[in-house]
Amino acid sequence: MFTLLGPGTVLGAVPLWLSTLTGARLRLGVARWIGVPLLIVGVAGLFWCIWDFARRGRGTLAPIDPPRFIVRGGLFGVVRNPMYLAVLIALAGEALLFRSIALIAWAGIVAIWFHLFVVAYEEPRLRRQFGAPYEEYCGAVARWIPRPPAS
């Protein structure tokens, strides 16, 4: 249910509502179709992460059944918050595809919300829950932007 509720609202319900509003549209021409691969990559990344949450972390997106283990594999080995990043990539794809300034604004609001939520709530909770192994993970994997592997 949380798999549909959270991402479904952010990627589906709100963008659908915003796309019905009249307003300025971006003049992108055929460049708007760049949104299609972005949308596909974002949604695929989200589903991959949800799968890894269940398989590797032994949990779900639901607060009542969070992962029992730190998920370090798959996209979680590249950035610590790949689900949020996947949602933002998909939102960027929607904004381009629908040429919507309102969707660009929505993506900005969502990005700020994700960052504040991660920094103020999620990371402190994970530090309390997993301790040193989570600190080690934070030292090895960047929060948002992948960094080159240490040589």
Side-chain angles (χ1 to χ4, degrees), residues 1-126 130 134 137-138 140-149:
M1 182 172 145
F2 266 82
T3 301
L4 294 175
L5 187 62
T9 300
V10 173
L11 282 176
V14 173
L16 183 62
W17 171 70
L18 288 174
S19 69
T20 64
L21 301 176
T22 57
R25 295 277 180 211
L26 298 167
R27 298 182 197 280
L28 298 174
V30 296
R32 76 184 280 199
W33 298 106
I34 294 169
V36 173
L38 287 175
L39 185 55
I40 291 169
V41 165
V43 170
L46 178 63
F47 282 121
W48 182 2
C49 292
I50 291 168
W51 174 261
D52 279 346
F53 247 42
R55 188 172 57 101
R56 297 173 192 240
R58 303 284 188 246
T60 68
L61 299 181
I64 60 170
D65 185 27
R68 291 162 189 77
F69 304 99
I70 300 170
V71 180
R72 299 174 192 228
L75 296 177
F76 289 93
V78 179
V79 291
R80 291 195 313 261
N81 300 290
M83 275 195 266
Y84 298 133
L85 203 52
V87 168
L88 293 173
I89 290 168
L91 280 175
E94 288 179 327
L96 289 173
L97 185 61
F98 299 115
R99 301 173 298 126
S100 174
I101 293 172
L103 283 177
I104 291 172
W106 173 241
I109 291 166
V110 170
I112 291 167
W113 168 253
F114 283 169
H115 181 72
L116 293 174
F117 179 75
V118 163
V119 171
Y121 172 75
E122 196 168 73
E123 287 181 351
R125 184 183 58 78
L126 292 170
F130 295 113
Y134 183 72
Y137 175 62
C138 289
V141 179
R143 180 184 289 139
W144 297 114
I145 300 170
R147 54 183 165 216

Query raised in the report: Would a 4.5 Å heavy-atom cut-off, applied to side chains only, mark Val118 and Trp144 as touching?
Result: yes

Query raised in the report: What are the two closest non-hydrogen atoms of Ala142 and Arg147, and how far apart are they?
Result: N-NH2, 3.6 Å

Report summary line: For residues 94-108, the salt bridge (Lys or Arg N to Asp or Glu O under 4.0 Å) pairs (sequence neighbours left out) are none

Requested in this report: Specify the closest pair of heavy atoms between Ala95 and Ile104, including all atoms of both residues, with the distance to one decimal.
Outcome: CB-CG1, 3.7 Å

Please tabulate, for the side chains in residues 73-93, all donor-acceptor contacts under 3.5 angstrom to protein atoms that are two or more places apart in sequence or on a different chain.
| unit_1 | atom_1 | unit_2 | atom_2 | d |
| --- | --- | --- | --- | --- |
| Arg80 | NH1 | Cys138 | O | 3.2 |
| Arg80 | NH1 | Val141 | O | 2.7 |
| Arg80 | NH2 | Glu123 | OE2 | 2.8 |
| Asn81 | ND2 | Arg143 | O | 3.1 |
| Tyr84 | OH | Glu122 | OE2 | 2.9 |

Report summary line: dist Leu16:CG -> Phe98:CZ (nearest 0.5 Å) comes out at 8.0 Å

Query raised in the report: Say you draw a straight line from CG of Leu96 to CG of Leu26; how long is it, rounded to the nearest 0.5 Å?
Result: 7.5 Å

Query raised in the report: Does any pair with a residue in residues 29-55 pass salt bridge (Lys or Arg N to Asp or Glu O under 4.0 Å), and if so which ones, sequence neighbours excluded?
Result: Asp52-Arg55, Asp52-Arg56

Query raised in the report: How many angstroms lie between CD1 in Ile70 and CG in Leu126, if you round to the nearest 0.5 Å?
Result: 7.5 Å

Requested in this report: Begin from the C-alpha positions of Leu11 and Leu46 and carry the test side chain to side chain contact (heavy atoms under 4.5 Å, CB included) through to its verdict.
Outcome: CA-CA 11 Å; Leu11 282 176; Leu46 178 63; 4.2 Å; yes

**Report entry** Side-chain heavy atoms of Trp33 within contact of Leu28, under 4.5 Å
**Finding:** no

